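Remarks on the structure that follows.
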Number of protein chains: 2
Amino acid sequence: MTQGTRRDRARADTDRDIRRQARALLISDGPQAVTLRAIARELGITAPALYRYYASREDLIEHLRADVCADLGGDLDQDLADVAESDHLAQVLAVCRGFRRWALAHPQEFTLVFATPPHDPRKDPARDSFGRIFLGVAGRILAAGGLVTPPEQDIPATLVKDLTVFRSDLLDTMAAAGVSIADSRLGLATAYVMLRFWVRLYGQVALEVFGQFPFPVTDAEPIFESMLADLVREVGLSD
Amino acid sequence: MTQGTRRDRARADTDRDIRRQARALLISDGPQAVTLRAIARELGITAPALYRYYASREDLIEHLRADVCADLGGDLDQDLADVAESDHLAQVLAVCRGFRRWALAHPQEFTLVFATPPHDPRKDPARDSFGRIFLGVAGRILAAGGLVTPPEQDIPATLVKDLTVFRSDLLDTMAAAGVSIADSRLGLATAYVMLRFWVRLYGQVALEVFGQFPFPVTDAEPIFESMLADLVREVGLSD
DNA sequence: ACAGTCCGTAAACGCTGTTCACAACATCGC
DNA sequence: GCGATGTTGTGAACAGCGTTTACGGACTGT
């Protein structure tokens, strides 16, 4: 299969360089350092050249967000590779710990992806949300492990419709990935538990990343582990 | 008592105007819109004039943060004023709901105060954290209500020292506010419960503000209320 | 009245995102 | 191979940014 023209390849190379440089600037100096001129300078081109690749600075930033999500997803997959597939508890723990570890090591990227106020109501943030990706991965493990779920009447009524869509979406995603989950294994209540799982995890990690403890905490890891132990116990995954 | 010179009063007026304008820009168009020139333009002065009041744009932003915290604290106090002081459950619910309501109504301000990666390790973020302020208020209610606390051996060992400092700090704050809490009412375990309370609340609210649900949620309030019900039940404050 | 302080300005510097017209090069189809 | 088309990058320009500096005028205290 042809690799495209030499020009296509050169374009892809340049695009990759642009993204790599943008990321480096984000990581080292935060979002305000991701300027078109800084990127261009590093690549030995001028800023207007970047408009050949992206419609705007904001467009580039959006792609950066997607890159961060994809890389994080890849990292979590790697974390999972080291754990026996049948050990559901260990897998869930690995994913959650991986997420936290990554977040603490990448505060600028975390902020970019996970803590930006929505500004375009027409664009459905949930469609690209990492929570969705996370639950695509962790949800599979959670569902396979068999969860302790609350009675379905405990699910807020206004949530049922949303959960139904999410659940079938999740089943489709899993089916597309060659994962077969029995219908009974992923009911509404299970989807609800997954949602709450994510809320708890995200909240704990965000608070740590943004230093929002009400007092100086020497070592936050035990707090996280305690929360995690609670979580897995509540969903019935603990020993 | 003298009000100071006319110049002092003019300075205070101008400062107030600067802050008001900066806030308005933040709210309407986000942090990148808070430029010295935009503020100056609105006040009919030039940008360099602002350096008579603030050392830098960043200095102004820091003051803006403090303003937001103070205003939020005032809002929560108002929420509390409508609730009988003896109804501890209602007071806690009011404060938590007030916090969420405010956060959802003020996403840019929330982001500025609650979701900025720390960048100055020498400056102790926890000293100015709103979590601290929040627990100064809510902690009083929680302690007065008498909490169900875990056994002290459940407190992570590495946290004990931090909690001890926090607890005595909290007692001092309350004493200074004329609130007397018996020593036994605010032990280490209680302080730990308060910490976990804040983590849960913050996490839920942040996730909502940043639209980090894994799927579109039509109405997030029931999720919040469900979490809140869990929280107050866990601390022994429910009916 | 005078000296010191404060406030605001204009000019300047170096930086930003973006647009536009042009030139050079690469690719494609005949 | 050649001409037409598309792509890539440039330089110039525009309007905007944060910040510094020196100056002049107003205010304050003695």
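Sequence lines set the chain letters: A, B, ... in the order given, protein chains first and strands last, and positions in each chain run from 1. Just so you know, these numbers come straight off a predicted model, no measurement behind them.
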Exercise. Go through DNA chain C in 5' to 3' direction and return only the first and the last nucleotide with some atom under 4.0 Å of chain A's heavy atoms.
Key: C:dT16 to C:dC28
Self-check item: Minimum heavy-atom distance B:Leu26-B:Glu109, with the two atoms named
Solution: CD2-CG, 3.7 Å
Self-check item: Test salt bridge (Lys or Arg N to Asp or Glu O under 4.0 Å) applied to A:Asp71 - qualifying residues, sequence neighbours left out
Solution: A:Arg23
Self-check item: Euclidean distance, atom CD of residue B:Gln32 to atom P of D:dG18 [Å, nearest integer]
Solution: 12 Å
Quiz item: OP1, OP2 of D:dT10 versus side-chain N and O of A:Thr46: anything below 4.0 Å?
Solution: yes
Quiz item: Mapping A:Ala47 and B:Pro48 onto DNA chain D by nearest heavy atom, which one lands closer to the 5' end?
Solution: A:Ala47
Quiz item: Listed by chain and number, what are the side-chain hydrogen bond (donor to acceptor under 3.5 Å, both in side chains) partners of B:Asp172, not counting sequence neighbours?
Solution: none
Quiz item: Who are the salt bridge (Lys or Arg N to Asp or Glu O under 4.0 Å) partners of A:Arg6, not counting sequence neighbours?
Solution: none
Quiz item: Between D:dT19 atom P and B:Leu50 atom CG, what is the distance in whole Å?
Solution: 10 Å
Quiz prompt | side-chain hydrogen bond (donor to acceptor under 3.5 Å, both in side chains) involving A:Asp15 - partner list, sequence neighbours excluded | solution = A:Tyr54
All N/O donor-acceptor pairs, side-chain side in residues 31-53 of chain A, below 3.5 Å, sequence neighbours left out:
{"residue": "A:Gln32", "atom": "NE2", "partner": "A:Asp29", "partner atom": "O", "Å": "2.8"}
{"residue": "A:Thr35", "atom": "OG1", "partner": "A:Ala38", "partner atom": "N", "Å": "3.0"}

Quiz item: When we call it a touch if two heavy atoms are under 4.0 Å apart, what does A:Tyr53 touch: a base, just sugar-phosphate, or nothing?
Solution: sugar-phosphate
Practice problem: Please find out if less than 6.0 Å separates the ring center of B:Phe99 from that of B:Tyr202. | Solution: no
Practice problem: Could you check how far CG of A:Asp13 sits from P of D:dG9, rounded to whole Å? | Solution: 11 Å
Quiz prompt | 5' precedence on DNA chain D between B:Ala55 and A:Gly44 (nearest-nucleotide basis) | solution = A:Gly44
Quiz prompt | Partner set under side-chain hydrogen bond (donor to acceptor under 3.5 Å, both in side chains) for A:Asp82, not counting sequence neighbours | solution = none
Do any N or O atoms of the protein come closer than 3.5 Å to N or O atoms of nucleotides 15-17 of chain D, and which pairs are they?
{"residue": "D:dC17", "atom": "OP1", "partner": "B:Thr35", "partner atom": "OG1", "Å": "3.1"}
{"residue": "D:dC17", "atom": "OP1", "partner": "B:Arg41", "partner atom": "NH2", "Å": "3.4"}
{"residue": "D:dC17", "atom": "OP2", "partner": "B:Arg41", "partner atom": "NH1", "Å": "3.4"}

Self-check item: Interatomic distance where OH belongs to B:Tyr54 and C1' belongs to D:dG18 [whole Å]
Solution: 17 Å
Pair up each side-chain donor or acceptor in residues 219-228 of chain B with any protein partner under 3.5 Å, not counting sequence neighbours, and list the distances.
{"residue": "B:Asp219", "atom": "OD1", "partner": "B:Glu221", "partner atom": "N", "Å": "3.2"}
{"residue": "B:Glu225", "atom": "OE1", "partner": "B:Arg97", "partner atom": "NE", "Å": "3.4"}
{"residue": "B:Glu225", "atom": "OE1", "partner": "B:Arg97", "partner atom": "NH2", "Å": "2.8"}
{"residue": "B:Glu225", "atom": "OE2", "partner": "B:Arg97", "partner atom": "NE", "Å": "3.0"}
{"residue": "B:Ser226", "atom": "OG", "partner": "A:Tyr192", "partner atom": "OH", "Å": "3.3"}
{"residue": "B:Ser226", "atom": "OG", "partner": "A:Arg196", "partner atom": "NH1", "Å": "2.9"}

Quiz prompt | Sequence-distant partners of B:Arg11, salt bridge (Lys or Arg N to Asp or Glu O under 4.0 Å), two or more places apart | solution = none
Tabulate protein N/O versus nucleotide N/O from nucleotides 24-28 of chain D, keeping only pairs under 3.5 Å, one per line.
{"residue": "D:dA26", "atom": "N3", "partner": "B:Arg7", "partner atom": "NH2", "Å": "3.4"}
{"residue": "D:dC27", "atom": "OP1", "partner": "B:Arg6", "partner atom": "NH2", "Å": "2.9"}
{"residue": "D:dC27", "atom": "O4'", "partner": "B:Arg7", "partner atom": "NH2", "Å": "3.1"}
{"residue": "D:dC27", "atom": "O2", "partner": "B:Arg7", "partner atom": "NH2", "Å": "3.4"}
{"residue": "D:dT28", "atom": "OP1", "partner": "B:Arg6", "partner atom": "N", "Å": "3.3"}
{"residue": "D:dT28", "atom": "OP1", "partner": "B:Arg7", "partner atom": "N", "Å": "2.9"}

Quiz prompt | Residues forming a side-chain hydrogen bond (donor to acceptor under 3.5 Å, both in side chains) with A:Ser28, sequence neighbours excluded | solution = none
